[in-house]
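The figures that follow rest on heavy atoms only: side chains count, while hydrogens, waters and symmetry mates do not. Letters A, B, ... mirror the listed sequences (proteins, then strands); counts begin at 1.
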There are 2 protein chains.
Amino acid sequence: MRVSREQVAENRRRILEAAGRLFRERGFGAVTVAEVMKAAGLTHGGFYGYFGSKDELIAAALEDLVVAPVPKPVTLEAYADRYLTPEHMADCAGGCPVAALGTDAGRQSPQARAAMTEGLRLQIARLGEGAGGERNATARQAAIGSWAAMVGAMILARMSDDPALAQQVLQETRAFIGQRVGDEPGEI
Amino acid sequence: MRVSREQVAENRRRILEAAGRLFRERGFGAVTVAEVMKAAGLTHGGFYGYFGSKDELIAAALEDLVVAPVPKPVTLEAYADRYLTPEHMADCAGGCPVAALGTDAGRQSPQARAAMTEGLRLQIARLGEGAGGERNATARQAAIGSWAAMVGAMILARMSDDPALAQQVLQETRAFIGQRVGDEPGEI
DNA sequence: TGTGATACATGATGTCGATCATGTTTATGA
DNA sequence: TCATAAACATGATCGACATCATGTATCACA
């Protein structure tokens with residue numbers, strides 16, 4: 001039952017996407033290789049033709065998630081507006097990988113950590129551009145502080161079993177971020 | 001091999017403390033009941049005399065961690081000074097449970113989530129007092145936003161495999177918070 | 001168009017870990 | 001002091017899951 005080259009490429013993509021969603025939804029440990037393959041439309045046995053181990057899949061899925069999230073440059077504020085929403089909070093499987101997996105990612109393989117670190121660098125650079133230009137140390141500080149606040153707020157909100165409290169965490173954090181950076185649009 | 005009442009109480013405490021440390025260090029899934037019991041100085045079989053299941057232990061350990069972290073009221077800035085340190089970053093097993101387990105806690109039992117929610121309320125109240133009094137909506141916003149930023153920064157820093165970047169995340173987030181919280185000591 | 005290698009399905013294997021069963025010791029209340 | 005039951009150790013059990021082994025169909029290149 002061999003399969004064409006494009007099929008192979010598409011299968012690999014399917015596996016990575018299924019893994020990315022399942023990991024974000026349930027965490028690395030609670031997802032089995034068989035589940036990922038099933039979600040990708042395959043059976044468990046073929047898995048090791050694509051990846052050497054589950055750890056390798058984790059690293060590849062994180063790398064995949066981390067490289068292409070924001071297509072266009074946006075201002076920090078616009079980004080925060082989209083990030084700190086009830087929709088994003090509800091869509092764990094399709095949302096920010098750090099907010100979904102952050103505390104676990106640091107305990108994974110060096111390759112997985114490297115992917116997350118790369119993502120962090122990219123994100124700081126992107127948000128820094130959106131916060132008032134390049135050579136500005138203040139822009140970098142705003143990018144880092146705001147990004148930390150966004151990630152933390154989403155994690156706290158998702159942790160809460162009280163929807164009103166969760167909602168409040170998102171809103172107040174949004175306001176907190178906008179408190180002093182808000183004036184420079186910094187459009188690129 | 002029966003044991004005195006105080007011994008029983010102390011054993012329960014030992015189990016909870018061992019669980020709290022191990023969970024924070026490795027995550028819920030990577031810690032076995034047998035490991036917890038061994039760290040508490042007991043064998044695995046006795047576990048079910050104390051807790052009905054591993055899930056129950058998780059909830060109890062979180063509840064235990066969340067209730068008594070900050071003995072005295074402190075200002076928001078002083079709290080951030082202690083929180084955003086390399087020492088705290090290195091001491092995952094003894095540090096903030098949200099920064100260690102946040103993304104996983106939302107996927108645990110309702111009891112576990114309830115414990116974390118209680119902890120969040122307590123923390124907002126504590127930091128709100130330390131940010132300029134009670135009936136002040138701005139204080140609450142500062143507490144929530146700063147807490148989100150602290151948690152997020154610690155998670156990002158721990159995720160990073162580059163110590164310099166991690167250090168920078170902590171420092172810039174500290175400055176970011178200082179910028180928005182202002183100078184009011186708000187001592188209680 | 002034949003033929004070999006490849007991608008996959010099916011079906012083990014082996015380990016690990018949660019939970020249970022049983023026996024032994026000894027604190028506790030009468 | 002004695003009887004009882006609690007607290008725990010030891011040793012199953014049982015399922016879940018990562019990983020491997022094998023067979024088969026078919027793409028791809030000659």
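- Between R174(B) and E77(B) there is a salt bridge, with a side-chain nitrogen of the basic residue lying less than 4.0 Å from a carboxylate oxygen of the acidic one.
- Judged purely by atom type and a 3.5 angstrom limit, R24(B) uses its side chain to pair as donor or acceptor with the backbone of G20(B).
- Within 4.0 Å of T43(A), counting heavy atoms only, lies at least one base atom of the nucleic acid.
- One interatomic measurement links the two molecules: CD of E35(B) to P of dA18(C), which rounds to 8 Å at whole-angstrom precision.
- When each of G45(A) and K54(B) is assigned the nucleotide of DNA chain C with its nearest heavy atom, G45(A) is the one assigned upstream, toward the 5' end.
- Across R14(A), R13(A), R21(A), a single residue satisfies side chain to side chain donor-acceptor pair (under 3.5 Å) together with E17(A), and that is R13(A).
- In this entry the distance linking CZ of R12(A) with P of dT6(C) reads 17 Å, nearest Å.
- Among the heavy atoms of the strands lying under 4.0 Å from Y50(A) are primed sugar atoms or P, OP1, OP2 only; no base atom is included.
- Side chain R2(B) to base dA7(D): no donor-acceptor pair is found below 3.5 Å.
- For T32(B), whose side chain is taken as the heavy atoms from C-beta onward, the closest listed nucleotide among dA18(C), dA9(D), dT19(D) is dA18(C).
- When the P atom of dG17(C) is taken as reference, atom CG of L22(B) falls 13 Å away, rounded to whole Å.
- Y83(B) and W147(B) have their aromatic ring centers within a separation under 6.0 angstrom.
- For the pair N11(B) and dC8(D), the criterion of a side-chain N or O lying under 4.0 Å from OP1 or OP2 is met.
- For the pair M37(A) CE and dC17(D) P, the computed distance is 16 Å after rounding to whole Å.
- Among the nucleotides dA7(D), dC8(C), dC20(D), the one closest to the side chain of Y48(A) is dC20(D).
- Whole-Å rounding puts the F47(A) CZ to dT19(D) P distance at 7 Å.
- Summary of the strand contacts: R5(B) and H44(B) both lie near DNA chain C, and taking for each the nucleotide with the nearest heavy atom, the more 5' one is attributed to H44(B).
- Counting any heavy atom pair closer than 4.0 Å across all strands shown, V36(A) reaches no nucleic acid atom.
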